[in-house]
Amino acid sequence: MCMNSKIRTLWKGRLIMNVRNLLRSRKLFNFLVIFSLFFTMTVFGGTKMVVGQEQAVESIEIKSVGPSPGEDLTAASADNNITELSFWDDNYGTIKDLFVIENRMYLALGTEGFRVYDITDLDLQLVTSWDLYSCNNIYVEDDLVFVSNDTGFNVVDISDTANPEWVCNWFSPDGVFALAAHGNYVYLASSDDFIVVNITDRNNPVDIWTTMAFIDEMHYVNGYVYTADILGFIGCYNVTDPFSMIREDTIGSGGAKYVYYSENFIYYATPFRASVVNATEKDNLIYLSEFLFNDTSYGIEVRNNHLFVNEGDKLEIFDWTNKTNPVYTYEYTDAEIDIFDFYIYGNYAFAYSTYAVEILDISNPVNITSAYFEVFDGITKKIFLDGDYAFVADHFSLEILDITNLANVTKVSSYHDYSIGGPIVDLFVRNGYIYLLEEDHGDSIMVILSITDPANPVYQGNISFTGQSMDIYVDDEFAYVAQAWNGLAIIDIYYPDYPMKSLQYDELGWIWGVKKFGDNLILAAEDYMHVVDVTNPYNPEQIGNFTRPNANYWGVEIQNNHGFFICDEGFDIIDLTDLLEPVKVGQFFTYEDPHTLKVDGQYVYLIDGNLGLMVCDTENIVHPRLIGQYDDLATHKSLAIRNGYIFLAEGADGTRILVSNPLLYSVEDTPFGLISFVGGFVLFSVIGLLMRKKRKK
C-alpha cells in the first residue's frame, strides 16, 4: 500500500515555504520591491568567483568547538566515513526544529510542544517535556527555552525538569519564523520585520526595536545577529545595545537561505552554491570565495573551517581552511533519513527529518549480494518457503522451485487453472497442501492443492466467499482469511476435498493481515491491532487491542512475543506478552512506500516501493537500526527468509535470491569476508548481473 503523501519530498516543502515567505508581505509595495531587487540582481549581479578544485582527501579530523558533549562522547575517528550512532523516532509529533547544548537535545514538535533529551551517552534519555503551546522554532539559553509558532513565542523555565514552568509569551498575529535570545532580549523574524522583544518584565514583554528585513534565517553570536533574507542579502546587525540596534552592513548573496557565523567569517548557501564572507570588520563585509555543487542545499553548519551542507539525501563537506580556495572533502550518503536539517555539536551531527532524529559519526557498510536471478512467465507476486521448496505465485499460476542447491535452483512443476478463480492474492503451505487465495470478480475463492508429489500438484477442492480477501493463515484444521471490509472468514479445512465456511466474524471492521499466536489471532486492521481468542473457532472473542489513530496496519509478523506491524510509514513493534493490553515498544519509519516485511531472529526485512529492500537490527527493540539496504530498481512484491537467504518476488522482473549476513563488517574486512561467505555464488552472481544489465540495455 502507498502512502497518501511522500514526506521525503523536501524540495516541495521548501518551495511552499519560499512562496509563503514571499506572500507574507502586507503591502503591494513590498512585493514590488522584492521583484525589482531580484530582477536587478539577475541582470546585473555579476560577482567574482573563486571556485575550488575537487580534491580527494585521505582523512579529515573534525574537532569540537565549544563545550564537549560529555566524557562518554569520544572524538570522531580521523576517517572519511560517517555512520549512525543513535536514532530517535518516538513519533510524539512532527519535528520542526532542533537545538543541542550542554549534553541536552531540544526538539520542537509542533502541536506536541517540545521534549528535552539527555545525550551524554547518546541513548537519548527523556529529561522533560512541555506541551501547552505549539512549538515550531526553538532556542535555548541557560535554563530558559524559547519556542515560537504562528502566533508568537513562549518562554519556559526548565530549571526544575520535573515541573517546567511557563514564564511569559509575546503575541504576533504574523507569527515567528526564526528566533534567537540572549539575556532578557529575544531577536525574531516576524512576517516582514526583524524585531527585538524585551522580556525583563515577565508580565509585560514589549517590542523595543523593529525594522523591515524579510529574514529567513538568523545566527546569534556574541552580540551580533547574522541574517539571510528573502531579498537575497546577508546582513550583520549589532545588538549589543538592543534598544539601539545597528545594521552594520549587508552584502548580496544571490538568494541565500542559510547562514552561519564562525571565527570572523560568515558562511551561507544558495540552492547550488556555498560561499564565505570575511566579517572581521562588521561594517565592511567582504566576499571571498564560493564552491558550486549539484544538488539543492537545505541547511549548513560549520566546525573547524569545515562547512557541512545538507542536501536532503546526503551531506557534503568542504574544507575552507584556505578561505579563497575551498576544497571538496567528502560526501556522506548513508543516512537513514532524508535530512530536513541538522545541528552539529562537538563531534556529532544531530540530523532530523519530520519524525526522526539521527546521530552520525563514522560508517561500516553492510553488503548484500545477488546469488540467483531468473525471469518466469507472468508477474511474480507472492512467495512462500516450505522445506526444500519455494512456491512462487503470479497472477494465474504457481511455480514450485527446488531450492536445495541455491547455486542451481530448478523449477519442479507449474500449476495453471484459469477456470476456477482469478488472480492469486496470497498463498500458504502446510502439511502437504497449498492454499491459494484468489480474487473472484470482487469476491474471493480459496483453492486447495495437494503437493505430496511437488512435481505433480493435484487439485483437491475450493470454497467461495463474499468480500475481498487480503491475507491467509492456516493451522491444522482451519484457514483464517483477513478480508478488507468483511472482517475475518474462518474456514474448516479438516477435509481438504470439502472445505466449509465455519464463520464470518465481521465485528472488527476492515482486516488487512492475520497471524496465529498460541490460541489467538493477531489481526492488522484499520486504526487498530486486534487480539482474538479462537480457542473455539466457532465462537471467536476479541480480548485485546492497540489503537493507532489515523493510520492503518497492513500486515503482521510475530517473533519472540513481539508483533511487527507494517504501516504507512514503516513498521511498529508491539509487545504481545500481555494480550489483554498490548503495548507499542518500538518503531522504524521510512516515510516512503513500505508494504511488506518478514522477521528472522533479531532482523526485520522490509520492502519499500521507493527504497528497495531494507534490513533492520532489532537487538534494541525500542530503536531498530537500519544496517543494510538492497535496491536493484526492480519492483519488489513479496519476500521470504531462510537461513540468511532472501527470496524476492519482483513482479515482471521475476524471482531473485539474495545472500545476506546482517552483521556489520569493517570497511577493510568487507570484501574478503563477503567473498568467503558467498563462496561458490560469486561467479554465478556476476554472470547473472551482467545478463540483467544486457537485458535492460
Side-chain angles (χ1 to χ4, degrees), residues 8 83-84 313-314 332-338 363-375 380-383 385 390 392 403 406-407 409 557 564 566 570-571 588-618 624-665 667 669-671 673-679 681-693 695-696:
R8 293 177 72 242
T83 193
E84 172 205 329
D313 58 347
K314 62 178 176 290
Y332 172 63
T333 60
D334 296 328
E336 291 190 21
I337 58 178
D338 208 343
S363 160
N364 281 318
V366 174
N367 287 273
I368 299 175
T369 304
S370 179
Y372 170 78
F373 177 78
E374 182 177 347
V375 176
T380 61
K381 296 170 61 178
K382 292 291 182 178
I383 189 165
L385 303 183
V392 182
I403 58 173
L406 289 175
V409 175
E557 294 289 325
F564 296 78
I566 192 80
F571 64 84
F588 177 86
F589 286 171
T590 70
Y591 306 106
E592 280 287 332
D593 183 25
H595 60 78
T596 304
L597 68 77
K598 293 292 180 183
V599 183
D600 185 46
Q602 71 186 56
Y603 302 102
V604 176
Y605 298 80
L606 175 69
I607 291 179
D608 186 291
N610 293 332
L611 302 177
L613 173 68
M614 310 176 79
V615 184
C616 297
D617 187 344
T618 64
R625 299 182 65 241
L626 177 68
I627 62 169
Q629 191 166 358
Y630 176 86
D631 188 4
D632 59 345
L633 302 181
T635 303
H636 303 135
K637 297 286 188 178
S638 180
L639 81 158
I641 309 296
R642 171 71 64 78
N643 297 332
Y645 293 91
I646 306 168
F647 297 74
L648 289 175
E650 296 190 337
D653 292 320
T655 301
R656 186 183 305 274
I657 301 176
L658 308 176
V659 55
S660 169
N661 181 351
L663 299 177
L664 292 173
Y665 295 97
V667 175
D669 293 342
T670 297
L674 186 61
I675 291 173
S676 176
F677 183 82
V678 175
F681 301 125
V682 173
L683 180 59
F684 186 89
S685 303
V686 172
I687 295 173
L689 289 173
L690 290 174
M691 293 177 65
R692 172 171 170 73
K693 289 182 179 179
R695 281 194 295 272
K696 285 189 174 181

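These numbers were taken from a predicted model, which means no experiment stands behind them.
- Here Ile641 contributes atom CD1 and Tyr603 contributes atom OH; the two are 12.5 Å apart, rounded to the nearest 0.5 Å.
- Judged by distance alone, the side chain of Asp313 and the main-chain N or O of Asp338 form no donor-acceptor pair under 3.5 Å.
- In terms of heavy-atom proximity, Gly609 sits nearest to His595 at N-CD2, 3.9 Å.
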Task: Residue pair Ile646, Tyr630: steps toward the side chain to side chain contact (heavy atoms under 4.5 Å, CB included) verdict - done: CA-CA 11 Å; Ile646 306 168; Tyr630 176 86; over 6 Å; no
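- Here the shortest heavy-atom pairing between Leu385 and Ala390 reads CD2-CB, 3.6 Å.
- A side chain to side chain contact (heavy atoms under 4.5 Å, CB included) with Phe647 is found for one member of Leu658, Leu639, Ile403 and no other, namely Ile403.
- Not counting sequence neighbours, the partners of Asp608 by the side-chain hydrogen bond (donor to acceptor under 3.5 Å, both in side chains) test are Thr590.
- To the nearest 0.5 Å, atoms CG (Leu606) and CG (Leu613) are separated by 8.0 Å.
- Across all non-hydrogen atoms, the minimal contact from Gly570 to Pro594 is N-CG, 3.4 Å.
- Between the CD atom of Glu650 and the CD1 atom of Ile383 there is a distance of 10.0 Å, given to the nearest 0.5 Å.
- To the nearest 0.5 Å, atom CZ of residue Phe588 and atom CZ of residue Arg625 are 10.5 Å apart.
- Here the CZ-CD distance, from Phe564 to Glu557, works out to 9.5 Å after rounding to the nearest 0.5 Å.
- Within the 4.5 Å cutoff, the side chain of Asp617 has heavy atoms near those of the Gln602 side chain.
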